[in-house]
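Got a structure here, written out as structure tokens. Questions coming.
Lettering follows sequence order; numbering is per chain, from 1. All values derive from a computational prediction rather than experimental measurement.
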2 protein chains.
Amino acid sequence: MKATHIQLAHGNGGRLMRELLETLVFPALGCREAFTDASPLASDKRIPLMASDSFTVQPLEFPGGNIGSLAVHGTLNDLAVSGAEPAALTLNLIIEEGFALDTLRRLLESAGAAARAAGVPIIGGDTKVVPRGQGSGLVIASTGLGWRDAGCALDIRSVQPGDAVLVSGPLGDHGASVLMAREAFGLSSGLQSDASCVLELAHAVRDLPGLRFMRDPTRGGLASVLHEILQASGCGCELNEAVIPLRPEVSGVCQLLGFNPLQLACEGRIVAIVAVESANEVLARWQALPEGQSATRIGHLTVDRRVILRTPLGGQRYLDELAEDPLPRIC
Amino acid sequence: MKATHIQLAHGNGGRLMRELLETLVFPALGCREAFTDASPLASDKRIPLMASDSFTVQPLEFPGGNIGSLAVHGTLNDLAVSGAEPAALTLNLIIEEGFALDTLRRLLESAGAAARAAGVPIIGGDTKVVPRGQGSGLVIASTGLGWRDAGCALDIRSVQPGDAVLVSGPLGDHGASVLMAREAFGLSSGLQSDASCVLELAHAVRDLPGLRFMRDPTRGGLASVLHEILQASGCGCELNEAVIPLRPEVSGVCQLLGFNPLQLACEGRIVAIVAVESANEVLARWQALPEGQSATRIGHLTVDRRVILRTPLGGQRYLDELAEDPLPRIC
């Protein structure tokens, strides 16, 4: 293939599209065979789950990751926190005319590497090209199929007042690092996105009977997860602000720019709701993993239908859901 | 929800996004429950297949359909021609800031109605908003999970020289109708897209042992399907140009504008490769259905590695794959 940039014809179903797929997309993703219309998987007696997500992050490459690895991790993480073992992924590419093929290759190789590292094949997908000025470089939609044991009881409606709220690591790293990579604030730091696969974290705890519910706090951050729990279960939450793990760089940039770090996206963390007697066991298992060393119990669910932060001085304030979006295209 | 147009905050994971989902997206799609990260399906002993496709058609509404119904039909059709029974769909929405919510509702209601008509639930998905000027109104990516009997032998590599090439109806209606809806040629006609679900057509014939392979001819049209067969199997094809079903409006607009109708997309047709002794049975079963009344045997596979058209006067010419795209955003 001689082209160096995406042409409209790369999305037309004809020869140029086939060449793009054969010489760039399939090799980059590590697919052994061309995508067919629909792709068979090995089957067994467990329950299949599907997870689907689109990725529009800007910039496409950020400290600690890029849209390719993110599209794989994001969907694998949705399956992982649902208690499923991922079996296969599909990847849909929506590419803007004029996009550099070298960049496309680098991003897809990153997606392919992320899938291989997780042991999950990319078995299908689709490629569309939109005319210049009608797209945003590259958008990826990914869908995963996973299998969950029929006995898995993870359910947002099973949480109870008194349950412990745990997080697997520091919050807001992804949102803050994308923000700093994008906006010309003249800020610099060594902060990296937490974007990564949470399968190991989920594996480590999913057999514990006291584990009621897990979620990865992406857009809207921890605040959205806790409000979602409130909506679904009627349980509020009281957080101990002093112990919530936050990197100094994340706190700093949030103070400077007026963001709430608890509303910033993570892409490699888990929030778990756990029966109080199992909380220490979940923490111990997480802390034994490299990606769970900062795992912390940050609060508990309450009968009050409010999400509140208990401050170090003993006061309290509400933690709201994100409303207006100060930070679009974060994932 | 008071808004009338999409704001960036409708994609942020917070309250406005939740309101958009609860008051517009879920009701429009006919989803009973909110989407969760990953969605369980009923299981059995057949083999699961996944199909995934993105839709960027412009205009979003065209004679005979719109991007909503198209996103459902397109992915269901991929499963259908693979011999699978669709079980569930996910739908990813990538919406441009400023998009009218009334239009979004109408398009999603159309998607919901298409899914209900096919008896396939939409069980998950995702909503992203990109800033104004960085998108193209609405893009939808859909993924379907289906189940195929373990004994199904449909395979592009099983086709043989001498096999009959059948089409279920007139070709190019979708491409031509989108073209006429989009370009200001001052042309008008009653032409409608063929966009529709091919499940009934696939059901009618998929148990016939002589059925070797099916494909829905979308981007790149019949030409792309036949070249794909050539690439995969080594079999060329000889078509009898005089009998290929084409509507006069499609032939007319193609002659006027220099398009080849055999390279235009369909979105509700099947191309089937059938052992010659089963060809009449496939035709009879298709012709017994309303959507298959114009089903025709249009040629046969050959040992020559070429795709040729036998003309009414006895000459022949090559049918090329589409290369440069005269018609982007057709699906």
Would you say the side chain of Ile94(A) lies within less than 4.5 Å of the side chain of Ile94(B), judging by non-hydrogen atoms? yes
Who among Gly146(B), Gly135(B), Gly133(B) has the most heavy-atom pairs with chain A under 4.5 Å? Gly135(B)
Max heavy-atom pair count under 4.5 Å with chain B, selected residue of Gly83(A), Ala141(A), Ser54(A): Ser54(A)
Taken to the nearest 0.5 Å, the spacing of Thr143(A) OG1 from Asn92(B) CG works out to 5.5 Å
So, the part of Gln231(A) with a heavy atom under 4.5 Å from chain B: the answer is side chain
Find the distance between CG (Leu49(A)) and CG (Leu145(B)) and round it off to the nearest 0.5 Å. 10.5 Å
Verify the distance criterion only: is there a donor paired with an acceptor across the side chains of Ser52(A) and Asp126(B) at less than 3.5 Å? no
Strictly less than 4.5 Å between heavy atoms, which residues of residues 217-227 of chain A line up against chain B? Please order them by number. Arg219(A), Gly220(A), Ser224(A)
Counting N and O atoms only, with roles assigned by atom type, does the side chain of Lys128(B) sit under 3.5 Å from a partner on the main chain of Thr56(A), one being a donor and the other an acceptor? no
Least distance between heavy atoms, Gly144(B) atom then Met50(A) atom: C-CE, 4.2 Å
